[in-house]
Amino acid sequence: MTNDEKIYLFDGKRQILIVDDEMINRELLGNLLKDDYELLFAGDGGEAIDKIKQNKDALSLVLLDLIMPGINGLEVLKQIKNDPQLKNLPVIVLTSDHQSEVESLNIGASDFIPKPYPEKSVIMARINRSIELSEDRMIINATECDPLTELFNREFFYSYAEQFDAHHKSVETDAAVVNIDHFHTINERFGTDYGDMVLRLVASKLLEYNIEAGGIVCRSEADKFLVYCPHGTDFADMLETVSNDVNSRMESNNRIRLRIGVYEKVDRSMPVERRFDRANMACDAVKNGISGNIGIYNSTIHEKELFDEQLIEDFRKAIEDKQFKIYYQPKYNVHGDKPVLTSAEALVRWDHPTLGFISPTVFIPLFESNGLIQTLDNYVWNEAAKQINEWETKYNTSFPVSVNISRVDMYDPQLVETFKSIVEKNGISYDELLLEITESSYTEDADQIIKVVKDLRELGFKIEMDDFGTGYSSLNMISELPIDVLKLDMQFIRQAFSNRKDTKLIEIIIEIAEYLSAAVVAEGVETEEQVSSLKEIGCDIIQGYYFSKPVPPEEFEKFLKEKVNADCR
């Protein structure tokens, strides 16, 4: 139940406003009801509107005379029902005009009490019934609706979509998913209150548009909205209308961009949730904005869906059969005259028995979206720890390896214990297993993530912030983060050494790292020019194809042998 839907009692009584221009009628009703209700009175329509607005959170019912001078009862009723904050307030009209009874019920009155007034028991029965029905609707609404936007929540939305199908069997329908691009940056830059305001504006305009289009809307999660509507709805016009309306209420530099994915002419034999999965895939297909902001589910996406389903189905056996191979890419310290091997990053590859090698860019996002990533990450962590132990035994040297932690992992309450167990089981030290966490993880729930990271560092783990520069951290936030290494996103390297050859941004990041007493790793380095420039501006460690692509452990050992031989000289 939202704040606007609380039930207020005054000494155990609900509050009623009696509106009538005749004092004798106000007194008559007041005497009948004073023992059971807290009463307010108004002698005309203008006073009634003022008192309703002043007491909107406390009023349980309005008893409204229709025939009054000035603002009459029908006009008061219209104003109540057209006001989003008042529309759910039940109103019983008081009248002797049967034609007005019908008109008032059509406008939104809950019931009517005829004049002259019937006996008290009839009046009480009508009042109690109207209040009870209103409060029941409030409870149902609180259960069905998202408290922030007052749209349907996902569970009830799916149910209403099924009802829509049942009552519109001959109407072809579309399922659509609407997203706000980079919404997390809105929360980060302007605060969650501002972000909530944006969500309410988008929700309100989407609902308004789809009421006219004959569709229904819900807020599924975060900045994701679902729309179920008749086929033929103009989605381009929908996006433009909603975007223009929302942006017109915001400052010019705070404009939002919406994107939408549509599954047209849905297959009604398919569960409602699956229909919106397809729409969501189409929405994800236009996430980068290069191909516009409207995605339509098609045969290409369908083939990808079938492919993804096969990967998900094959996942468990792949773990059991160790089809996932761990490759290692070396990292070199470049401070001295000659680069020195300092550590490696563990990277997973899938050697599928029938599909061959599958790129991690294909299966990792898939597993992140369906919850399998934690199982895969645990597999990688254990394999890497086991490999660290084997190399230490074989070459009598400690050699750190970094592993990636996904955003999903960071919300696992057992994460710290998991890493403790991995280290102890494999007989390695905490500082040999380096933990890479993407910058975007910190921006989603900073307090929670920082607490987990602090617990890991207290044990002795070294923390690397991966993909730095892509998570839109504020400088104030960065100063509070517990990290040992800033790892530059490879896109920074490519941009810095593009035709502009401008490394100023990298220099600024290195200065930030020095302020944080953190080392800087540059990944994706490919040329000698890049190595020389990065070394000159103060980068500590370099990783990339210049030294080596990721290789299997047996091939990686040539780098270890070189290091051991160099250390012995």
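Starting from 1, each residue takes its place in the sequence as its number. These figures come from a predicted structure and were not determined experimentally.
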What's the verdict on salt bridge (charged side-chain N to carboxylate O under 4.0 Å, His left out) for D181 and R259, showing C-alpha distance, side-chain angles and the deciding distance?
CA-CA 7 Å; D181 275 348; R259 67 179 189 276; 2.4 Å; yes
Take D165 and R268, measure what salt bridge (charged side-chain N to carboxylate O under 4.0 Å, His left out) needs, and give me the verdict at the end.
CA-CA 8 Å; D165 289 348; R268 289 190 174 178; 3.3 Å; yes
Would N293 and L258 count as a side chain to side chain contact (heavy atoms under 4.5 Å, CB included) if you check the C-alpha gap in whole Å, the side-chain angles of each, and the deciding distance to 0.1 Å?
CA-CA 7 Å; N293 58 353; L258 302 178; 5.8 Å; no
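Y263 and R275 share no side-chain donor-acceptor pair at under 3.5 Å. Judged by distance alone, the side chains of N382 and K425 do bring a donor and an acceptor atom under 3.5 Å apart. There is no side-chain donor-acceptor pair under 3.5 Å between Y327 and E555. In this model, no donor atom of one side chain and acceptor atom of the other lie less than 3.5 Å apart for T375 and N378. For Q543 and Q329, the side-chain atoms include at least one donor-acceptor pair closer than 3.5 Å. Between S429 and E432, the side chains place a donor N or O and an acceptor N or O closer than 3.5 Å (distance only, hydrogens not considered). Between the side chains of N426 and Q387, no donor-acceptor pair is found at a separation under 3.5 Å. Side-chain atoms of T173 and Y228 include a donor-acceptor pair closer than 3.5 Å.
Looking at T418, its side chain does come within 3.5 Å of a backbone N or O of Q414 through a donor-acceptor pair. Formation of a donor-acceptor pair under 3.5 Å by the D484 side chain with backbone atoms of I463 is found in this model. Side chain of N153 to backbone of D146: no donor-acceptor contact under 3.5 angstrom is found. When atom types are taken as modelled, the side chain of D321 and the backbone of Q323 share no donor-acceptor pair closer than 3.5 angstrom.
Inter-residue side-chain proximity for Y297 and H302 is flagged as met; some heavy-atom pair is nearer than 4.5 Å.
Closest of all the heavy-atom pairs between A282 and V262 is CB-N, 3.9 Å. Between E345 and E523, the closest heavy-atom pair is OE1-OE1, 4.3 Å. The two residues I326 and A346 make their nearest non-hydrogen contact at CG2-CB, 3.8 Å. Across P400 and S398, no two heavy atoms sit closer than the pair CD-O, 4.0 Å. In terms of heavy atoms, A518 sits closest to V485 at CB-N, 4.1 Å. Closest non-hydrogen pair, S406 versus E368, comes out as CB-OE2, 4.1 Å.
Between W350 and F315, the ring center distance fails the sub-6.0 Å criterion. Aromatic rings of F363 and F307 (six-membered ring for Trp) have centroids beyond the 6.0 Å cut-off, not under it. Checked against the 6.0 Å centroid criterion, the rings of F157 and Y160 do not qualify as a close aromatic pair.
No salt bridge links E320 with K317; every basic N to acidic carboxylate O contact stays at or beyond 4.0 Å. Under the 4.0 Å criterion applied to side-chain N and carboxylate O atoms, E436 and K331 are assigned as salt-bridge partners.
With Y328 as reference, W391 is the one residue of F559, W391, F399 to meet the ring-ring contact (aromatic ring centres under 6.0 Å, His included) rule.
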